[in-house]
Colleague: 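Starting off with a structure, shown below.
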Amino acid sequence: MGNTFSMRAGTLVIVAVMLVLSCQNNRESVLRAQIDSLRAQQASAYKPGLGEFMNGIQVHHAKLWFAGKAQNWELADFEIKEIKEALDDIRLYCADRPEVKSLPMLLPVVDSLSSIISRHDTAGFHKQFTALTITCNNCHQVTDHGFNKIIIPTTPPLSNQDFSNQK
Ligand code: HEC
């Protein structure tokens, strides 16, 4: 009697262990399927390219010029920050592009223009904006994109924005 009881108890323990193990297996395979599906989604996720970031930077570069010229320092500060953000994004999203290792040449120029803007220094702005534009082209040269020549713009990039100081 005692023997049959302990045999039954033993069987119950084995069945319980098997149940727990099979549940774990199931949960693992569900998780594995979820990871696989996330990996597939990530691989096909849209990632902006270097040229797209450059197009954005081109517009901010032009707007920055007209903002600074109009002594609209708030807008100038906004535009230089947009350029900085785009540079951060390039390092994040375009790390596979070998040209990105030349990007640091722009950073000190952008930082110095940033502090000129915060000092509302009009003469300094004109000088440093020229330095910025030269550096854009220097990087295009060293990365075999010298045919993309950036200049100081002569007309605002868009007609639906007023660059004058609103204060
Ligand atoms: C890392 C060095 C580097 C710096 C610094 C740089 N560029 Fe570029 N730029 C490139 C490369 C590389 C391309 C080509 C991207 C591509 O393959 O589409 C490019 C392309 C461009 C294009 C062409 C985009 C198009 O599709 O027509 C413009 C406009 C541009 N850059 C503007 C600028 C401006 C403005 C600055 C400065 C504020 C600047 N770039 C600074 C490397 C640089």
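When a residue number appears, it is its place in the shown sequence, counting from 1. Remember, it's 1-based here, ligands and their atoms both numbered in the order they're listed. Just so we're clear, the structure is a prediction, and the values are computed from it rather than from any experiment.
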Colleague: Which of the atoms of ligand 1 are close to L50, meaning less than 4.0 Å from one of its heavy atoms?
Modeller: 12 (C)
Colleague: List every atom of ligand 1 that sits less than 4.0 Å from any heavy atom of L103, numbering the atoms from 1 in the order shown and giving each element.
Modeller: 1 (C)
Colleague: With a cut-off of 2.8 Å, does Q58 put an N/O/S atom close enough to atom 8 (Fe) of ligand 1?
Modeller: no
Colleague: Closest non-hydrogen protein atom to atom 37 (C) of ligand 1, residue and atom name please, with distance?
Modeller: C136 SG, 1.8 Å
Colleague: With the 4.5 Å side-chain cut-off for hydrophobic clustering, are I152 and I117 part of the same group?
Modeller: yes
Colleague: Are the side chains of L158 and K63 in touch, meaning some heavy atoms are under 4.5 Å apart?
Modeller: yes
Colleague: Using a heavy-atom cut-off of under 4.0 Å, does the side chain or the backbone of E99 touch ligand 1, or both, or neither?
Modeller: both
Colleague: For a side chain to side chain contact (heavy atoms under 4.5 Å, CB included) check, start with the C-alpha distance between L87 and I57, then their side-chain angles and the critical distance, and finish with the verdict.
Modeller: CA-CA 9 Å; L87 297 177; I57 288 176; 3.9 Å; yes
Colleague: May I ask you to check whether T122 and K69 show a side-chain donor-acceptor distance below 3.5 Å?
Modeller: no
Colleague: Where is the nearest protein heavy atom to atom 25 (C) of ligand 1: which residue, which atom, and how far?
Modeller: N55 OD1, 3.4 Å
Colleague: Are any of the N/O atoms in H61 less than 3.5 Å from those in ligand 1?
Modeller: no
Colleague: What residue and atom, counting heavy atoms only, is the protein's closest point to atom 2 (C) of ligand 1, and at what distance?
Modeller: C139 SG, 1.7 Å
Colleague: Considering only heavy atoms, which of E52, Q141, M54, R97 lies nearest to atom 22 (C) of ligand 1?
Modeller: M54
Colleague: Between the side chains of Q128 and T130, is a donor N or O closer than 3.5 angstrom to an acceptor N or O?
Modeller: no
Colleague: Can you tell me how far CG of L75 sits from CZ of F66, rounded to the nearest 0.5 angstrom?
Modeller: 12.0 Å
Colleague: Is atom 8 (Fe) of ligand 1 less than 2.8 Å from at least one N/O/S atom of H140?
Modeller: yes
Colleague: Has the side chain of H60 got a donor or acceptor atom that lies under 3.5 Å from a matching backbone atom of E79?
Modeller: no
Colleague: As a check for students: among G51, A62, G49, identify the option with a heavy atom nearest to atom 15 (C) of ligand 1.
Modeller: G51
Colleague: Same cluster or not: are V142 and F53 linked, directly or through other Ile, Leu, Val, Met, Phe, Trp or Tyr residues, by side-chain heavy atoms under 4.5 angstrom apart?
Modeller: no
